[in-house]
4 protein chains.
Amino acid sequence: MRFFSDNAAAACPAVMQALADANRQTTAYDGDEWSKRLDGAFSDLFETPVRALWVATGTAANGLALAAMCPPWGAVVCHNDSHIQNDECGAPEFYTHGAKLLLGAGEGAKLTPDTIAAVLGTARGDVHGVPPAALSITNATEYGRVYTPDEVAAIGELCRARKLAFHMDGARFTNALVHAGCSPADMTWRAGVDALSFGFVKNGGLSAEALIFFRPGLADATLYRRKRAGHLLSKGRYLAAQMLAMLDGDVWLANARAANDGATRIAAAAGDRLLHAVEANEIFIRVSPDEAAALRAQGFDFYDWGPGEARLVISWDQDPRDIVSLAYAIAAL
Amino acid sequence: MRFFSDNAAAACPAVMQALADANRQTTAYDGDEWSKRLDGAFSDLFETPVRALWVATGTAANGLALAAMCPPWGAVVCHNDSHIQNDECGAPEFYTHGAKLLLGAGEGAKLTPDTIAAVLGTARGDVHGVPPAALSITNATEYGRVYTPDEVAAIGELCRARKLAFHMDGARFTNALVHAGCSPADMTWRAGVDALSFGFVKNGGLSAEALIFFRPGLADATLYRRKRAGHLLSKGRYLAAQMLAMLDGDVWLANARAANDGATRIAAAAGDRLLHAVEANEIFIRVSPDEAAALRAQGFDFYDWGPGEARLVISWDQDPRDIVSLAYAIAAL
Amino acid sequence: MRFFSDNAAAACPAVMQALADANRQTTAYDGDEWSKRLDGAFSDLFETPVRALWVATGTAANGLALAAMCPPWGAVVCHNDSHIQNDECGAPEFYTHGAKLLLGAGEGAKLTPDTIAAVLGTARGDVHGVPPAALSITNATEYGRVYTPDEVAAIGELCRARKLAFHMDGARFTNALVHAGCSPADMTWRAGVDALSFGFVKNGGLSAEALIFFRPGLADATLYRRKRAGHLLSKGRYLAAQMLAMLDGDVWLANARAANDGATRIAAAAGDRLLHAVEANEIFIRVSPDEAAALRAQGFDFYDWGPGEARLVISWDQDPRDIVSLAYAIAAL
Amino acid sequence: MRFFSDNAAAACPAVMQALADANRQTTAYDGDEWSKRLDGAFSDLFETPVRALWVATGTAANGLALAAMCPPWGAVVCHNDSHIQNDECGAPEFYTHGAKLLLGAGEGAKLTPDTIAAVLGTARGDVHGVPPAALSITNATEYGRVYTPDEVAAIGELCRARKLAFHMDGARFTNALVHAGCSPADMTWRAGVDALSFGFVKNGGLSAEALIFFRPGLADATLYRRKRAGHLLSKGRYLAAQMLAMLDGDVWLANARAANDGATRIAAAAGDRLLHAVEANEIFIRVSPDEAAALRAQGFDFYDWGPGEARLVISWDQDPRDIVSLAYAIAAL
């Protein structure tokens, strides 16, 4: 029973069917009918005209988004625990050609206007320092916390005031959305977000993420950067088809809800072992080495996250029986 | 009847089956059982220990290979008509952090020891010029020509003498191989090749290319570069599975043979309209605008390649009836 | 008697005096009084508002100018024999983060509208190719030829039509200017030039070149790039002071005239040995190996430029007797 | 009376004389007699074979050193208050092509083995994180503190154990050296340092810094990188001559001693206003806004460093009377 990561889950049936449906000769790169429908589909979803580009990974989406927003000699404000800082082997630096990440604090990997202001306060304001040009938050965060639309909007306000482009890493965007119960628009552009890395892979996709630009002008240069980075797949239709299939019939929402619900079930069992409020599909708990060993002895696999800490992730297709078993096992520790 | 590009063909049944078989939870990134079998499978195929990394596109494979072989302040010798120069939006420059491509000549997009020597003769040999550090050929070439193992070896010899790392862009490697009728080893490392971008997508894959290092030491840094470029897919198993499925039962060879045979059929019909010898699955012919229009009026789609020139590409799954029809149509012009 | 390069000449008295005058404590970087006078001094010289930045080398000026004009995924059109292509170890690629140089032809290292159009004609116009974004010419050229204001304007026209930013590498700008007998304005912005690398080092400076932006908006990002490249000298005043001293009293013009006059004297003696018209301070002549040896035996040092070719450069302070001796020696061959 | 920065001081007489002496035609770039003497002169000074390259700025020296030591996908450990992090507009990221700086703590901008170990403890050890490849300390530090040879050696030990290349930013190296009273060798390579940015500009030079490689093999690629960055001055002899002149007769030591002695004098007057021990030529003191205004009213100029803090820097040629006046003024606050 593997609770390592939603990264490793299967692709959902709708996605597999979409691959089969797209499996015929057509036009290469993004000239096919599926790719051409992306702008429209996401514009409908977000209730505003957007540009939507497929890429194969969230790291590529983040890197391309930041490169569109921050010059090589600029800085991106982000959380000390953010994926772009710790888990992408310097992809932001690679894509931006050497911009600097300025690191802020905040509980549960959440930046706040105050912690952001503290980071900005260290910026020099002359050519000796790198001028902050963009800000990136992750929603849901690396600790499974969710920024509410109001929290996003407060940061958006600050970005506008400080002339920072605003990026949201939404590797688990849908998990955040179903928790917040708001519209995609409220969570993003209405709150000031300029670009979103909209994750599908962790939510039942096979290999497709959408890079959404709410400022459509940012997309033009990105088309070149995507090609140049080797992310313009010649058979891109299979990526577009996956995402359209998940949007269709709200598969994306159902998948995320299933994962979140499982996490909520575990959270209830974990009680005050919880290190962070469980708002998406990740659970971080306090466990002694003996307790961790006991869980593993019962067949539960997961990551140690730090001394005496464990991370458990619920995937869209996690077997409900395994979730129940895990909940009992944790409660019984 | 589309003869635009093998890029746009469907994925072959073995690949689709492999995706289905790999569609279950396992380990993320390249920790899964399929990815772990790649080194072994390609080492067997090449009869020598190799490192094999999956990536989603040939552009990524090329970029990563060149970055492993050429410093930012070095140069890569390649053909004036090469894909890495003309069709990758500067991916080699992006991945190598600004190396320069030095362009050589040669019929049919084939470099020769003489044309290479001419390029090398322009290098300055001091710090004012970029020192040539690598050489890249495409086999089969952008004009559908095939380097024989002896021709590759002659270039390999020159690379060794001039201390150049030797890369082969094998977007259509299998097409070249079945034409040459030699072993994969003879076409590559035995002829001095250090790294190969081994294409599967144009040959019936969905989104997988293998980057093969015959000098295994080159792979270590590349693992970081791949991640950093956003090319370490979290569900990489689907890429590995595609390639293993195509190697299994020689699907890769059968697919390329089908495409090559179709091209040979067209070539026979084209006679002295041919601009280049047809050795793989691409045909370049002389056609007047009226003739091109006549072909299109009969339902054949293809690219104009220059004034009075057309390119036709045969895919692995091209309908044999369409091929026959096209052959007749060309012969009847 | 060294005729290798104007690069190696002494600094002129006005420059040495300026260094002495500036040798007192003041404000660091470019906050000093000399640096602050640059914009004004060059705006006066060019009869239009410009931004003028000092840097220590022409390579830095060129790299910064091109980075301001061309995105990483773009291309710079330049001559096949240009300094930026052959003599800067890839500085344009370093500063632009990997833009590509597209090489054109033309006698005497001069591009023409026709040769430029030929280069532009190879550009793809989609994301697979790098879009040409800038064009760079060298005036005087690497072969000592001078573009007239009309020739520059014809290229400027083409740049405007094709939306290319227009850069002039003026390592020997003053030599070109005194040959053409036109105003600095006519040679540059009135002819469509957007940025100029205005060389002082080859013309009697010690270590200062001016990067002139005729589109002042290009300067802002360049201030960051200059710092980031380590080219914001803390004692920048010594660079500014050099240039102001050379502009003052027309030292810059006198120096270039002296060098050009010397070259004209040699050219007259060389007659039909000349490989290129002598319009600035460089002379390229046909000499057999024996003739070259004979010249060297008489104490004349110079570079072989190719088989049977030699390059001779006259510096601002070349001893007139040496020039006369050389003229006689060449005539006597 | 300006106490802003040693950056803005005059060049010392030996340097000005050296410029005059070098002011004659010779060989360009680093082919002249002065440049050729650098390796030998610094090898003598450091009692071991070194490679010594001139550059015009400390930022360039630091950037080139780090690029020689850290791949684009690696990390450099440095202090949170270091110049390379805060004051070079991302030069390390530019030169290394996007390496990441990992920031450590420590009083007075000094890293310690413990604070370094804390940084290294956050490194992931797989391809998702950037592997630490180099470590950089500043001696004297940005707060005027000096690492003793033993402290350097302790860090050197740790670097060796963790396979980190070890760089020392010695913008004020001589100030550190005269404080420590040790040999240049003891402060550097005997303590494990692989490369040193050896500052001359702040110590009476005009525009020359030496980049010293104690592992000579690191120099080869750096020669290309220096050219590519526009830092191979054509008249480099003036840089080499400056440094040779300062080494000759121990001008470098005398200059630093003068500056340090001045600072010691101020420190004694400042008493418990001192924020950091004064070990080089910088003084950081606690002053209320009123007190700062009072000092300024008496003609003393300096930087506010934070709320209620001021930085004062003593230059090699600071007028002794001004130093005495300042000391009295501070004591009288």
Side-chain angles (χ1 to χ4, degrees), chain C residues 2 4-13 15-16 19-20 22-29 31-32 55-64 87-95 97 201-202 205-207 223-239 315 317-318, chain D residues 2 4-13 15-16 19-20 22-29 31-32 55-64 87-95 97 201-202 205-207 223-239 315 317-318:
Chain C
R2 301 168 68 90
F4 285 116
S5 177
D6 38 7
N7 249 350
C12 67
V15 160
M16 296 306 283
L19 295 182
N23 195 34
R24 52 182 169 81
Q25 192 196 44
T26 166
T27 305
Y29 302 109
D32 62 275
V55 285
T57 66
T59 295
N62 289 342
L64 289 169
D87 303 293
E88 301 188 346
C89 197
E93 288 87 348
F94 180 54
Y95 276 91
H97 298 291
V201 171
K202 289 179 161 70
L206 188 143
S207 62
L223 295 173
Y224 289 96
R225 292 189 197 271
R226 178 175 66 171
K227 171 63 193 176
R228 178 178 186 74
H231 278 288
L232 182 65
L233 278 72
S234 56
K235 298 184 178 176
R237 63 187 178 277
Y238 297 96
L239 274 59
S315 300
D317 64 344
Q318 204 86 39
Chain D
R2 300 168 68 92
F4 284 115
S5 178
D6 37 9
N7 250 351
C12 67
V15 160
M16 295 306 284
L19 294 181
N23 195 35
R24 51 183 169 79
Q25 191 196 46
T26 166
T27 306
Y29 302 109
D32 61 274
V55 285
T57 65
T59 295
N62 290 341
L64 288 169
D87 303 293
E88 301 187 346
C89 197
E93 288 87 350
F94 181 54
Y95 276 92
H97 298 291
V201 171
K202 289 180 162 70
L206 189 143
S207 63
L223 295 173
Y224 290 96
R225 292 188 197 271
R226 178 174 66 171
K227 171 63 194 174
R228 179 177 185 75
H231 279 288
L232 182 66
L233 278 73
S234 58
K235 299 184 178 176
R237 63 187 179 278
Y238 297 96
L239 274 58
S315 299
D317 64 343
Q318 204 87 39

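Side-chain atoms are counted along with the backbone in the values below, which use heavy atoms only and exclude waters and symmetry mates. Throughout, protein chains are lettered first and strands after them, A, B, ... in sequence-line order, and every chain is numbered starting at 1.
Expressed to the nearest 0.5 Å, how far OG of C/S234 lies from CG of D/D6 amounts to 8.5 Å. Annotation: the span from D/K235 atom NZ to C/K202 atom NZ amounts to 9.5 Å, rounded to 0.5 Å.
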Audit row: C/Y224, D/F94, ring pair (Phe, Tyr, Trp, His ring centres under 6.0 Å) steps and yes/no: CA-CA 11 Å; C/Y224 289 96; D/F94 181 54; over 10 Å; no
side-chain contact (heavy atoms from CB on, under 4.5 Å) evaluation trace for C/Q25 with D/Q318: CA-CA 9 Å; C/Q25 192 196 44; D/Q318 204 87 39; 4.2 Å; yes
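Of the possible donor and acceptor atoms, one in the side chain of D/R237 sits under 3.5 Å from a partner among the backbone N and O of C/A8. Panel note: side chain C/K227, backbone D/E88; no donor-acceptor pair is recorded below 3.5 Å. Panel note: side chain C/Y238, backbone D/L206; no donor-acceptor pair is recorded below 3.5 Å. A side-chain donor-acceptor contact under 3.5 Å links C/N23 to the backbone of D/A11.
Looking at C/L232 and D/T57, their side chains never come closer than 4.5 Å, going by heavy atoms from C-beta outward. The side-chain heavy atoms of D/N7 and C/Y29, taken from C-beta on, include a pair separated by under 4.5 Å. With a 4.5 Å cut-off on side-chain heavy atoms, C/R228 and D/E93 count as touching.
Aromatic ring pairs are classed by plane angle as parallel below 30°, tilted from 30° to 60° and perpendicular above 60°; the pair C/H231 and D/H231 is parallel.
Contact tally against chain C (heavy-atom pairs below 4.5 Å) for D/G236, D/A28, D/A229: the top residue is D/A229. Between chain D and the residues C/G205, C/G90, C/A60, the most heavy-atom pairs under 4.5 angstrom are made by C/G90. When each of C/S5, C/A91, C/A61 is scored by its heavy-atom pairs under 4.5 Å with chain D, the top score falls to C/A91.
Side-chain atoms of D/R2 and C/T26 form no donor-acceptor pair, as typed in the model, at a separation below 3.5 Å.
For chain D, no part of C/L239 is nearby; none of its heavy atoms comes within less than 4.5 Å.
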